[in-house]
Structures are given as structure tokens and as C-alpha cells.
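Below, chains carry the letters A, B, ... as their sequence lines are ordered, and counting in each starts from 1. Computed from heavy atoms alone, side chains included, the values below leave out hydrogens, waters and symmetry copies. Since this is a predicted model, take the numbers as computed values, not measurements.
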Protein chains: 2
Amino acid sequence: MIDDPAIRAGGESNGERERRPRRRSGGVTLREVARLAGVAMITASRAINTPDQVSAATLARVREAVETTGYVPNMLAGGLASTRSRLIAAVVPTIVGPVFLETIQSLTESLAAAGYQLMLGQSGYDGSREDALLDAIIGRRPDGIILTGIMHSEEGRRRLLASGIPVIETWDLTPNPIDMLIGFSHEKIGPAVVEHLLARGRRHLAALTADDERALRRKSGFVDAARAKGLTSSGLDGLPTGIVRAPTTLGSGRTGLIDLLARHPDIDAIFCSSDLLALGVLIEAQMQGIPVPRRLAVVGFGDLAFARDLNPALTTVRIDGTSIGRLAARLIVDRAEGRPVNDRVVDVGFSIIPRAST
Amino acid sequence: MIDDPAIRAGGESNGERERRPRRRSGGVTLREVARLAGVAMITASRAINTPDQVSAATLARVREAVETTGYVPNMLAGGLASTRSRLIAAVVPTIVGPVFLETIQSLTESLAAAGYQLMLGQSGYDGSREDALLDAIIGRRPDGIILTGIMHSEEGRRRLLASGIPVIETWDLTPNPIDMLIGFSHEKIGPAVVEHLLARGRRHLAALTADDERALRRKSGFVDAARAKGLTSSGLDGLPTGIVRAPTTLGSGRTGLIDLLARHPDIDAIFCSSDLLALGVLIEAQMQGIPVPRRLAVVGFGDLAFARDLNPALTTVRIDGTSIGRLAARLIVDRAEGRPVNDRVVDVGFSIIPRAST
DNA sequence: CGCAGTTACGGTAGCGCTACCATATTCAAC
DNA sequence: GTTGAATATGGTAGCGCTACCGTAACTGCG
């Protein structure tokens, strides 16, 4: 080889063996900033990350150097050195389908305010990509993982536990959380809705729900509570129910109502597993000339922005998604910064927003 | 300095000077895997990242070692060493407001399939947090940045350019993109909608739009095209228009229609800047007993899932958000992997979906 | 058989940053 | 003055991985 180190070294100084160069990221590094400010790298680092550990004069000089060079710290390097990536991962079944949006929104904002960035992953409604996604996430060494309304495999649980990364499960209340939990009881929603409908004089209840796990549990709570009150449809053990494919659409609300009415013409109240379904029911009812709420009461779930503006305004179950996101951010950040977290399980509850549709 | 390396070194060799330990991430490292497989670290690395560069036997041994240890590569370290983070950043004004969801969804999926992860940032509709967000993003050294329908400050442009990170701007067509561009012309949508409405015999057009930048440009195209066709409302230079605050809601659609009708009772067609607005218009029209489309034609924008299921089904302008996301992923990944990208500006166009509301 | 080209693998030195230790200096306390 | 603690700064060795450069063994070819 002509590329003999000795020959190459000759050019350098006298004996000085030539170090091979390496592709660099191209940007300004902390070394450069430190040199410009006339301090050691570590001091420059402190000036940037823990400003109150350096003197005012030094701080000013470092700040100026940062300014003139346009230095942006490489957080990959910082994360590697400190084992704190300042990345938080959030997993949702799917981002279309507006249920988790509020949560993601407030999560992103709260995290950004604390200097953290959100990584987003979609597991698919059937959790198909969940395990592969988990590896991709754990590989990035996030400081926390937020699971949004998700059923995880045993294998997934193990990997999460083994990774040692703080985990928050949300939008549900499981008996044995992996780590932390912020959610509410889907089972308890059903009875509350039954209560509400009974109070409004309804006796022939029905449910229209998506076939996803949590919606089905809400439905079960509803059906069981109705049965406990002695409300069973003629010839049925439980209640008239319609099941539609998740994610729910307005269209499936319309066909769902048609189907339910065909089988049970006497129903006078429907609990839908999403506001979108409820909107479909409202529209179909109106087309068929069925007055809401006079002949048919409709309850949704989610309290999406449009619910209050419908005609009639939609009675629905409200989950404070914004609180969930904000709280999740706080817990995760507290954990990441080593502050103690006392409430590892938080039930944010739900509320029924009574409006004109019931 | 007393901290002379020679002195310390002396202590080391005979007196076994204790090397200070350092907190480690706690997990299994590649070194461990390599040791178990009986190969060098670099070979283990190749077995994992470029499997066809190692022999079948070695590959199997490394795979087994990975299996038994539960090794998950630290991509922070990998990213630092290779200057390829395999992170892609996406910036949206806000995630609530369903317009960009399809794009984010397909983006996330396409990127995941290629081994990349999405970082999400929200700039706020007014771009207030944009500059701070940009630093947070650039600091993570993503392999690409996707700007979703965003107006960026000059300062932001500079920082992006200086960072050297590939950038894709989407949902718009600007004359001088920062880098790459996938979008469509908001201006051209207006004339197309005017065409459509004229063909359906409408003569008294109106617009109801949000006050965000792009919606206003769609409106301008609409108004200008109408004026060019000689369609001006009595006593007006242009067309009756209503402006509502972004983000749009169903409620603002309702009040918008009330307001427009009060000022211009003779209008027979409304172009709304979002499907949500259009839904509000439909609902309000129905409340007031105004038959759609007989007396009033309604056109939306976005073709959200519910548009086809409304009654009457909503005529709307469709943007293929899924394509935008998929294409953006491809361009970014191609750039990241060093493949040539020939079409740096792509116009994905739009289409008018004629339905019963016009 | 010699030579080049290919395939498989390894040693080493970073990527850019921060944890860990250390030193120098200052100021209050005794 | 000595001691102790707090403040301000610096040197160095990694964090866990891959780029760069090797070497050795094997192949095909004249």
C-alpha cells in the first residue's frame, strides 16, 4: 500500500504519526465555543446547561461565543454521555381518530416546555406493529414511554420492564400497571350513563359500540347496569347492541342505527362508543324523521369539539385528555429528573355532559 | 499542575490505581454481545446492521447472542458515531384540527417501515414557538425535517439552512423552497371551485374561511376567479365573505352562515375553508329550513372521513394527505441514505369530489 | 506460480458531550 | 493563622457505537 502511515506521517511534523480524519457532523462543536470563550469545554457545557454554576462574566463570554458561532448543542452526544436523552416516546393505536389528540397535544406542549421532545409511534389498532415499535423506541433510549390506550403483549411488558425506562399507561385503569398509570374506569362509565338515561325517563336502552377492547368494556358496564335495573329488552337476556368496526365513522353510526331499529323498533336511547358514531346516529335519525331527543335519546363518548354545536347538542361522556397529557408529562419529567413521584396511579375520572340530545 | 499524568500513571501500574467507574445506561452493550458470540465488536455491529457482510455462521452466532441477552442497540450512540440519527422531525401548527393527520399517519408508518422514527413538534398556529422548537429539533440532529403547512420566519430559514439537514416543506407551493417541497397550489383551488359551482348553475357565490394564511389564499383565488367571471354581489367589488378564527369549528360554521345570510340573503353557494365549517353550515341551513343543495350549495375542504356520510353528502376539495406523507418519507429517506433525489418540488394537486351538497 | 480481486473479519480511534474527580480561590468561623 | 465550606474552573476518561484502515484467506486468471 502506498498509503503507508510512515509516509503520511512524514508530512506532519517530524515523527508525529498522522491521525486519520473522520467525517464530522459538520456543525460547530462545544470545543469551538469553549475556545472562543477562552474556557474549558466543561465550563462552556455548564454555562449552557447549568448557568448558575458559572460566574456572570464567564456566562456572558460563553453566550457570546454561542451567538457568534450559531452553536446548537448535539443532544445525541449529550444524551449518550449523560444517559439522559430528553426524548419521550408516546405510542398511540392510530393518530387518525380524534380521541387521543388532545392528550398528544398537551403532552407535546408540556414536554417542550420542560426541554423534552416527543417521539411518536403508532401501534395499529390490533397492536400488530407493537413489538417492532417497542424495539425502535427502546433503542432510542427515551427518558420515558407513554402508552396511550394500548393493550400490550406479555413480551412487550417484559421488554419494557427490562429496559428500565419509566412507563406511563394511560386511558385505562388496569389492576397491575407496568409502572405508572393515568386513566379512568371504562366499566364505571356504563352505569353512569344508565343512571342519566333512567333519570330522563328512558326505559328501552341500546348500545352501539366499536369492536375495540375499551369500547367493549364500556358497553359491558352499560349492559350490566341496565340489567341490574331490570331493563332487558323483550326476548333478550341483555340489551340490544350493535357492534361496528374500529375506528368508528359517521357512516357506521348511520348504518348502525338502521340496523338497531330494524331489530328493535322500540328503543328510546342509544349509548354510542364515540361522538362520531353519535353524530351518525343523529343524522340518520333526522333523515328518518325520528325526533331527538323526544323519541330517541343519544349519548356519545369523547366530547369532541363539535359535540356542543350539533343540533341537538350532544350529551356525551367527557374525558379530560388535556389533563392526562399534562399529568403524564409531569410524572415522566419528575421521574427523569430524579424527583420523587408519589401517585403512581391516577384516576382522572370522567363526567357526563348533559345536553339537548337526551 | 499537580495532576501530572506521569504521577497518576505511576500510581496506576504498581499500586493499581483505581479507575473511577461511570454510570452506564444499565443495559446490555454490543461489547457483551460480541464477547458472547466470540467475535469483535465491529463484526457484531455488521451482523446487526449489514447482515450480508458477514458469513452465515457468524450471523447465526451473533443473532443468538442478541437473543439470549435481549440486546437492543443504543441508537443514540450509533447516531453519534455515524452522524445518522434515524430520527425525522415533523412540525405541524397543531395536531388537533384533523387536516394534517393523514399526512402524519402515513409519514409515521412509512418512516417506521424504513427504520426511522418520527419526532413531533407543534409550532402553534401563529408560529410563536417556531424558533425555540427549531433549536430543540436541530439539537437532536434529525436526518430530515418535515415542515407541515407552515410559515417560517427568516431567522428560521437561516437556521435550517445552516444546519445542513434536509428539509421538506409540505401543504403549500412556495416560489423559493428551502430545500424540497411537496404541496399544491392553494390559489388554483378557488377557480376550480368557481368552475364547479358555475356548472351547477350557481351565480351568487360566497366564501366562509378561517383566518389562517393558506385558507385566505384559497379564498383569494376563489374571489378573483368569481370576479373574472363577472360574478359580483350587488354593491360589492368582490364576493360576500365571512372570516372566522382558526382553527375552525362546527360552531363557527353555524354562526358564519347566520352572519352571511343576514348580510347577503341572496347567496346560493358557499365555499368553506374546511369540512368542519361546511358541516356547521349544513347543520345551520337545516335548522333554518334552507334546503341544500336546492337553495344553497355547500363546498368544503379536506374531504375528512365524515364528508361522504353526511346528509346531503358533502362536495369538497380533496388533498391526498396520505400521498404527501408517503412521498415525504421517501424523499427524506432517499436523501438520508445518499440516493439521488431528482424531483425536489412535487405538486400533488387536488381534486374536487362532487357530491350531493352542490 | 504470481498477481489482483473479492470476502470475512479485526484494531483503533474517534463522534460530541458530560460524569467524575481534582485544584485554585474566596470568605466566614474559630 | 488555621480550618472548613462554598464557589469557580479544569483535566480526563469515558458513554456505546461505527468509520477508517487494515490483514488474512480464498478465488479466478494468465
Would you mind reading off the distance between [X] atom [atom1] and [N] atom [atom2], rounded to a whole angstrom?
| X | N | atom1 | atom2 | result |
| --- | --- | --- | --- | --- |
| B/Leu80 | D/dG14 | CG | C1' | 12 Å |
| B/Asn49 | C/dC9 | CG | P | 15 Å |
| A/Ile48 | C/dC17 | CD1 | C1' | 10 Å |
| B/Asp52 | C/dT6 | CG | C1' | 15 Å |
| A/Leu59 | D/dA8 | CG | P | 11 Å |
| A/Arg84 | D/dG16 | CZ | P | 16 Å |

Could you identify which residues of residues 30-46 of chain A place a heavy atom less than 4.0 Å from some atom of DNA chain C, listed by residue number, or say none?
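Of all residues in residues 30-46 of chain A, the ones placing a heavy atom under 4.0 Å from DNA chain C are A/Leu30, A/Met41, A/Ile42, A/Ser45.
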DNA chain C contacts made by residues 65-78 of chain A, counting heavy atoms under 4.0 Å
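Within residues 65-78 of chain A, the residues near DNA chain C are A/Tyr71, A/Pro73, A/Asn74, A/Ala77, A/Gly78.
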Dump the pairs, protein N or O against N or O of nucleotides 4-6 of chain D, anything under 3.5 Å, distances to one decimal.
none

Decide, yes or no, whether a salt bridge links [X] with [Y] under the criterion of side-chain N to carboxylate O below 4.0 Å.
| X | Y | value |
| --- | --- | --- |
| A/Arg335 | A/Asp179 | yes |
| A/Glu64 | A/Arg61 | no |
| B/Arg63 | B/Glu67 | no |

Can you list everything that forms a salt bridge (Lys or Arg N to Asp or Glu O under 4.0 Å) with B/Asp131? Sequence neighbours excluded, please.
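In terms of salt bridge (Lys or Arg N to Asp or Glu O under 4.0 Å), with neighbours along the sequence ignored, B/Asp131 is linked to no residue.
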Quick one, B/Thr29 and B/Asn74 - any side-chain contact, counting heavy atoms below 4.5 Å?
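The answer is no, as the side chains (C-beta and beyond) never meet within the 4.5 Å cut-off.
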Between the main-chain N or O of B/Leu107 and the side-chain N or O of B/Ser110, is there a donor-acceptor pair closer than 3.5 Å?
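A pair under 3.5 Å: no.
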Pairs under 3.5 angstrom only: tabulate donor-acceptor contacts from the side chains of residues 322-330 of chain A to other protein residues two or more places apart or in another chain.
residue, atom, partner, partner atom, Å
A/Thr322, OG1, A/Glu102, OE1, 3.1
A/Ser323, OG, A/Asp320, OD1, 3.4
A/Ser323, OG, A/Asp320, OD2, 2.6

Pair B/Ile168-B/Leu181, side chain to side chain contact (heavy atoms under 4.5 Å, CB included): steps then yes or no:
CA-CA 5 Å; B/Ile168 300 187; B/Leu181 181 66; over 6 Å; no
Establish, from distance only, whether the side-chain atoms of A/Glu169 and A/Thr174 form a donor-acceptor pair under 3.5 Å.
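Short answer, no.
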Hey, is the side chain of B/Thr58 poking within less than 4.0 Å of OP1 or OP2 on C/dC9, counting only N and O atoms?
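It does, given that an N or O in the side chain of B/Thr58 lies less than 4.0 Å from OP1 or OP2 of C/dC9.
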Does C/dC9 have OP1 or OP2 sitting under 4.0 Å from an N or O in the side chain of B/Ser55?
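Indeed, a polar side-chain atom of B/Ser55 lies that close.
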In sequence, state the C-alpha distance, the side-chain angles, and the governing distance for B/Val167 and B/Met180, and then conclude on side chain to side chain contact (heavy atoms under 4.5 Å, CB included).
CA-CA 6 Å; B/Val167 173; B/Met180 290 174 285; over 6 Å; no
Counterpart residues, ring-ring contact (aromatic ring centres under 6.0 Å, His included), relative to A/Phe100 (two or more places apart):
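In terms of ring-ring contact (aromatic ring centres under 6.0 Å, His included), with neighbours along the sequence ignored, A/Phe100 is linked to A/Trp171.
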